[in-house]
2 protein chains.
Amino acid sequence: MQTVRKDIHNSDLPVLCQSCEARHQGICGALRPEQLQQLSKATRRVHRGEGEELIADAMPIDSYANVLRGVVKLTKVLEDGRQQVVGLQFAPDLLGRPFASESRVTAEAASDVDLCVIPRPALESMLKDSAPLEHRVMMQALRELDEARDWMVTLGRKTAAEKVASFLYLIASHIDPTEEGAATTFDLPLSRSDIGDFLGLTIETVSRQISKLKADGVIEIVSYRHVTVPDLARLRVRCG
Amino acid sequence: MQTVRKDIHNSDLPVLCQSCEARHQGICGALRPEQLQQLSKATRRVHRGEGEELIADAMPIDSYANVLRGVVKLTKVLEDGRQQVVGLQFAPDLLGRPFASESRVTAEAASDVDLCVIPRPALESMLKDSAPLEHRVMMQALRELDEARDWMVTLGRKTAAEKVASFLYLIASHIDPTEEGAATTFDLPLSRSDIGDFLGLTIETVSRQISKLKADGVIEIVSYRHVTVPDLARLRVRCG
DNA sequence: CGGTTCTTTGACATTAGTCAATACCAGTGG
DNA sequence: CCACTGGTATTGACTAATGTCAAAGAACCG
């Protein structure tokens with residue numbers, strides 16, 4: 001099947017899908033050209049600015065979306081307003097909880113994002129017909145579960161210093177998946193406040209730990225949002 | 001399909017499966033009788049005592065298992081020995097990470113457990129043939145993901161008192177899913193040390209918070225492992 | 001019973017949070 | 001181009017929460 005797909009000429013594919021990342025590593029990679037054609041009739045690309053809410057907690061889900069560019073943060077809040085970021089999604093992740101009547105998280109654009117919005121009935125009917133598609137969705141769910149459990153260790157057992165190092169390492173390896181030891185430079189997709197909500201820390205503690213990493217030469221702060229890591233391995237050992 | 005299954009006489013089913021919880025709410029409920037017959041040829045029931053390791057972290061997975069009775073805890077450890085419980089599994093959950101070459105957690109019997117062990121090839125070949133089975137596995141993965149994210153809020157943003165109340169509430173609602181407000185009594189499946197590892201707290205802090213809940217009349221400690229909750233709603237409000 | 005393990009409790013140390021002041025950067029309009 | 005302004009981030013002083021170490025008390029198991 002893989003070879004069949006490879007041999008198909010791009011012109012069989014919807015124009016918008018031809019250069020789309022979701023078609024390769026995302027869920028659309030599980031679809032045959034005619035299925036993609038069909039699905040693409042229902043989808044539309046949209047842009048959302050930083051801070052825009054994409055999915056509200058406890059609201060009916062009326063659409064899913066492929067993340068094409070940017071970072072989406074998933075958060076939960078306690079009644080008194082305490083907030084926790086429970087996940088980050090990057091291209092080409094599928095956004096939206098499959099097979100649930102309502103969302104259990106709030107999804108918000110952490111940076112400017114491009115999405116390919118898929119109406120709920122369109123995706124769900126295709127899921128019923130396509131076992132490979134459902135398989136990809138499951139593989140993403142399992143990967144997210146692995147990531148959530150990794151993060152539980154960070155939240156439950158690491159010190160503030162280790163938490164901040166772990167966060168920077170996570171972002172660095174997502175943005176720029178080069179080999180260990182190499183220098184990397186990147187923009188943080190989250191404000192200090194979001195980082196705190198991700199790590200279960202206050203903004204002040206995050207700031208202090210970043211300053212400490214800077215003082216120790218592990219990172220360089222080009223500007224608030226722009227960081228350089230001269231040696232990823234040195235950051236790695238700070239992760240606990 | 002559901003009605004078809006209901007009409008089948010129990011004698012069509014493997015003897016061991018007839019009274020098995022996994023056949024109803026667990027993954028086996030997705031199988032037709034002849035599939036269940038076939039699968040049951042490869043499975044075997046085993047008992048494991050409290051504290052026994054069921055799956056080792058970073059080891060090849062050679063089998064899956066349905067939890068039939070008891071509680072399994074999933075843990076991860078940092079190099080220096082700090083430990084975090086990242087999940088609990090109850091009957092009729094499927095134990096084992098599907099589609100991964102190695103486990104990413106350690107699974108250990110938190111109490112005495114009964115398992116129905118399924119060799120890896122047996123389950124994976126059946127997963128390939130049965131979309132309904134894969135669907136059930138996905139639904140479990142999604143549920144575990146929801147639970148993991150709920151727990152991230154507890155780990156990241158709740159106080160020690162709220163964490164302990166949340167843990168007791170979690171156990172109470174799993175063991176005895178009666179309505180709110182009712183009295184419940186149950187055995188804790190975890191030691192204080194495990195509870196600490198689940199909540200990201202030390203054993204002493206767990207103990208102090210339990211003592212405090214007892215002093216406030218929210219819970220009664222019959223013995224170390226045996227707890228009575230006179231009013232679940234009063235416990236609920238302590239969860240933050 | 002008597003030993004072993006687990007749990008509780010207390011005194012103290014450490015970490016992270018809170019509150020408050022200052023510094024920084026980014027955008028706006030003079 | 002520069003000064004102003006609002007939001008964001010950093011830093012400092014102090015407080016509160018949780019962890020650490022140590023000892024005593026309960027439960028469990030022959």
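Source: prediction; values computed, not measured. Throughout, a chain's letter reflects where its sequence line sits, starting with A, and its residues are numbered from 1.
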With a non-hydrogen cut-off below 4.0 angstrom, is A/Ser211 in contact with a base, only sugar-phosphate, or nothing? sugar-phosphate

Starting at atom CG of A/Leu201, determine the distance to atom P of D/dA16, rounded to an integer number of angstrom. 20 Å

In terms of side-chain heavy atoms of B/Arg225, which of C/dC25, C/dT7, C/dC19 is nearest? C/dT7

Parallel, tilted or perpendicular: which describes the rings of B/Trp151 and B/Phe198, with under 30° parallel and over 60° perpendicular? parallel

Could you check how far CD1 of B/Ile210 sits from P of D/dA26, rounded to whole Å? 17 Å

Determine: side-chain N/O of A/Thr202 to OP1/OP2 of C/dT18, distance under 4.0 Å, yes or no. no

From CD1 of B/Ile195 over to C1' of C/dC6, roughly how many Å is that when rounded to an integer? 12 Å

Between B/Lys76 and B/Thr106, do the side chains contain an N or O donor and an N or O acceptor separated by less than 3.5 Å? no

Length of the CD-C1' vector between B/Glu50 and D/dC28, whole Å: 12 Å

Classify the side chain of A/Arg208 and the base of C/dG17 as holding, or not holding, a donor-acceptor pair under 3.5 Å. no

Of all the nucleotides listed (C/dA16, C/dC25, C/dT9), which has the minimum atom distance to the side chain of A/Gln209? C/dA16

Kindly say if A/Thr205 contacts the phosphate of C/dG17, meaning a side-chain N or O under 4.0 Å from OP1 or OP2. yes

Can you identify which nucleotide, out of C/dA20, D/dT18, D/dA9, has its nearest atom closest to the A/Glu204 side chain? C/dA20

C/dT15 P sits how many Å from A/Leu199 CG, rounded? 18 Å

Under 4.0 Å between any heavy atoms, over every strand shown, what does A/Thr159 touch: base, sugar-phosphate, or nothing? Just pick one. sugar-phosphate

Surrounding CD of A/Glu102 (heavy atoms of other residues, nucleotides or ligands, distance under 6.0 Å), is the total greater than 12? yes

Could you pick out which residue, B/Ile203 or A/Val206, lies toward the 5' side of DNA chain C when each is mapped onto its nearest nucleotide? B/Ile203

Please work out if A/Gly196 contacts a base, only the sugar-phosphate, or nothing of the nucleic acid, heavy-atom cut-off 4.0 Å. nothing

Using whole Å, report how far CD of A/Glu162 lies from C1' of D/dG19. 15 Å

Does D/dA27 have OP1 or OP2 under 4.0 Å away from a side-chain N or O of B/Ser223? no

What's the NZ-C1' distance between A/Lys214 and D/dT11, to the nearest Å? 11 Å

Between A/Thr205 and A/Thr202: side-chain donor-acceptor atoms closer than 3.5 Å: yes

Taking CZ from A/Arg157 and P from D/dT18, how many angstroms apart are they, rounded to a whole number? 13 Å

State whether the side chain of A/Arg157 and the backbone N or O of B/Gln83 hold a donor-acceptor pair below 3.5 Å, judged by distance alone. yes

